[in-house]
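Here is the structure we will look at, set down as structure tokens.
Just so it is clear, the model here is predicted, and its values are computed rather than measured. Nothing fancy with the numbering, it's 1 onward along the sequence.
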Amino acid sequence: MAKMNNLLPQNLFSFVWHFYKPYKSMIIIYVFMALMAGAWGPFNSMLIKDMINILSSSKMDDIAFLTWPAMLIVLNFILFDNITWRTIDYINYKFQPVIKNNMTSETFSFIHGASPQFFHDNLSGRISHQINTLVDNIERTVHYVTADFLRGISLLFIAFITMYYVNDVFFYTLALWFIVFSSFSVYISKRLVKLSDIHARAESAISGQLVDSISNASNVRIFSRRDYESSRLEPYLLRDKTTFQSKEMYLLIVRSIQGLMISIMLGVMVYFLIQLYAKELITIGDFALILGLSMEVAHITWYTMRKVNEFHEAFGKCNQSLTSLIVPQDIQDKKDAPDIQHVKGEIIFENVQFHYKHTKLLFNNKSVTIHAGQKVGLVGYSGGGKSTFVNLILRFFDVTDGHIYIDKQDIRDVTQESLRKQIAMIPQDPTLFHRTLMENIRYGLSGATDNDVIIAAKKAHAHQFISKLTDGYASTVGERGVKLSGGQRQRIAIARAILKNAPILILDEATSQLDSVTERDIQTSLWQLMQNKTTLVIAHRLSTLLHMDRILVFDQGKIVEDGTHAELLAHNGLYKTLWDTQVGGFLRDGYQL
């Protein structure tokens, strides 16, 4: 069984290298070709210089002297411009989608390993936006910005050498200018990381708000709050506009200063060219060479510095997304953890202590044994610990101290994936994927046949309403199953659990949204499903627990009563109080089940 990906680097460069490391040979070729691409401009200028010198000399009488430079110009274009860039294009075509998909897939998998608290704290729209922002900006930086940056380095290096051999005054002038220009550009553009980070947060916030509002479209209509939602979005849009304009104004100032510096460099170069040519220290070909190279350097430096700005902007966005997504995971598999084996369903809590972050202790030295095959009801007032008890078994949270065993195996010593494969759960408010009904039910058992799915749907009394749909089992259910009623969604969730047929079954008010007739029919199917399974039933309607082997009564994190329905009524404790309030048709003030 494949292990869940719990380890992704939190440092951006380590994160990028994690995905590109398997393609080292491709990276070497890519870098070499990008550097070679920078040779086209300088070599072209050198060949033009030779042609001009030939044209201005006595050798012009023999046109054959122009043949080789002309042919080399064509060859130079083919070799250093066409072949290099087409090779880069091929590498991008071949590897870019593969690496991008790997990056998306592993990040997606990592996010699914995050704790429930992570999803409580982050809107789903914001999470998806952060993943796309991270992957898209890494792709843009590595495959496009890097190539242009390497080309610029190569061109500058060759230009420096060429100018030195023509006349060292050009070399020193260009070197001094480049040091000043690049130092200024790099230093001043570092602020782009912060500005881009701020803007990325603003964009992410808009995404989250849009998804939050759209996913609650029914509430917006019911309460006639469309105008309110639009006005509520305004501050987020204003912040996005403000942060974008701050970033762009900063770029405008930086580029204006860079343009001025380039103009100064070209002016100085032209001055020295005129002076040296007047003194016959350089040829007319040298004049054309240095002028052409200076303009080429000015252009490529300007272009490269824009790429540096783009890099800092992308770096800021990537860093912000990475910081938000790749957070330490509270629940991780131990290294080389095995799958859980031979599960019959015995559950043991041994001296368990647990509390949620920043809250007081909920469970303190809790010890309880649930034997394999037992049907156990969990009851108590809201906040008493019933859901926490179940979440700890599912290992959505780890205990603060103590142990939880399933068939003598500590659940922290086995993989989460294998543990949860042994548990089927029917939640009180089930959500479905925006997929077909067949896919939603089959989610309980990926290898199930269509016939298996239909049998499970019949047992869950879902087949009848599914058959009446135009597309039957091929019908899509909408986001979170919005096209179905609450009762229909619950029947699909029950069918999914029936199909999974795991040795441990958890029911959290599994029939709360069903009418009484359908509930009675499904209770029969559920009772059959419970046979030979360890079953935990969280119930607010105590009448559903009459036939449980045991009932555990929770109060403020403690199991205050443990027994059958008859035994607990005779005990005349909290369970008897809960039973009497339900039978009497009311709840005491201040209490909620």
Side-chain angles (χ1 to χ4, degrees), residues 31-60 65-66 68-70 72-73 75-77 79-81 84 148-189 254-255 257-308:
V31 170
F32 177 75
M33 287 297 168
L35 291 172
M36 290 286 285
W40 176 76
F43 284 178
N44 207 48
S45 295
M46 292 178 202
L47 292 169
I48 291 173
K49 166 199 165 179
D50 290 339
M51 294 182 72
I52 290 174
N53 283 337
I54 291 170
L55 288 169
S56 62
S57 68
S58 59
K59 295 178 180 178
M60 184 54 198
F65 283 105
L66 289 175
W68 281 108
L72 288 174
I73 285 177
L75 183 62
N76 178 49
F77 174 80
L79 181 62
F80 291 113
D81 193 66
T84 53
D148 289 324
F149 188 73
L150 291 171
R151 180 190 65 162
I153 291 175
S154 172
L155 187 148
L156 286 168
F157 181 75
I158 297 172
F160 280 133
I161 295 174
T162 304
M163 288 188 178
Y164 181 81
Y165 280 103
V166 172
N167 193 299
D168 59 5
V169 70
F170 299 117
F171 168 79
Y172 290 118
T173 301
L174 184 63
L176 178 62
W177 172 84
F178 180 74
I179 291 171
V180 174
F181 181 88
S182 58
S183 298
F184 165 80
S185 299
V186 171
Y187 172 77
I188 208 74
S189 66
V254 169
R255 288 168 182 168
I257 297 173
Q258 288 175 332
L260 178 62
M261 296 174 75
I262 289 172
S263 300
I264 293 172
M265 182 272 287
L266 287 174
V268 172
M269 284 293 189
V270 169
Y271 171 79
F272 282 125
L273 280 170
I274 293 172
Q275 293 297 317
L276 292 173
Y277 183 72
K279 296 176 182 179
E280 298 185 350
L281 294 175
I282 59 173
T283 67
I284 190 172
D286 292 330
F287 193 105
L289 171 64
I290 298 301
L291 184 60
L293 274 181
S294 297
M295 296 178 70
E296 185 74 19
V297 166
H299 168 73
I300 205 66
T301 304
W302 169 269
Y303 187 74
T304 302
M305 285 304 122
R306 283 183 69 105
K307 293 300 175 181
V308 170

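Once rounded to the nearest 0.5 Å, the distance linking CG of L291 with CG of L273 reads 6.0 Å. Considering OH of Y271 and OG1 of T173, their distance stands at 11.0 Å, rounded to 0.5 Å. Separation of atoms OG1 (T162) and CG (D286) is listed at 11.0 Å; rounding is to 0.5 Å. The CE atom of M265 sits 10.0 Å away from atom CE of M295, with the distance rounded to the nearest 0.5 Å. Atom CZ of residue F170 and atom CG of residue L276 lie 4.5 Å apart, to the nearest 0.5 angstrom. Distance check: M261 CE to Q258 CD gives 8.0 Å after rounding to the nearest 0.5 Å.
Listed by chain and residue number, nothing satisfies the side-chain hydrogen bond (donor to acceptor under 3.5 Å, both in side chains) test with S263 (two or more places apart in sequence, or in another chain). Checked against ring-ring contact (aromatic ring centres under 6.0 Å, His included), F181 has the following partners two or more places apart in sequence or in another chain: W177. For the side-chain hydrogen bond (donor to acceptor under 3.5 Å, both in side chains) test, no residue two or more places apart in sequence or in another chain qualifies with N167.
A ring pair (Phe, Tyr, Trp, His ring centres under 6.0 Å) with F171 is found for one member of Y164, F272, F178, Y165 and no other, namely Y164.
Side chain of S154 to backbone of L150: no donor-acceptor contact under 3.5 angstrom is found.
Atom OH of Y277 has 12 or fewer heavy atoms from other residues, nucleotides or ligands within 6.0 Å.
Closest approach of I257 and F184 over heavy atoms only: CG2-CZ, 3.4 Å.
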When you look at V297 and L174, which way does the side-chain contact (heavy atoms from CB on, under 4.5 Å) test go after all the steps?
CA-CA 9 Å; V297 166; L174 184 63; 3.7 Å; yes
Chi angles and distances behind the side-chain contact (heavy atoms from CB on, under 4.5 Å) call for L35, R151:
CA-CA 5 Å; L35 291 172; R151 180 190 65 162; over 6 Å; no
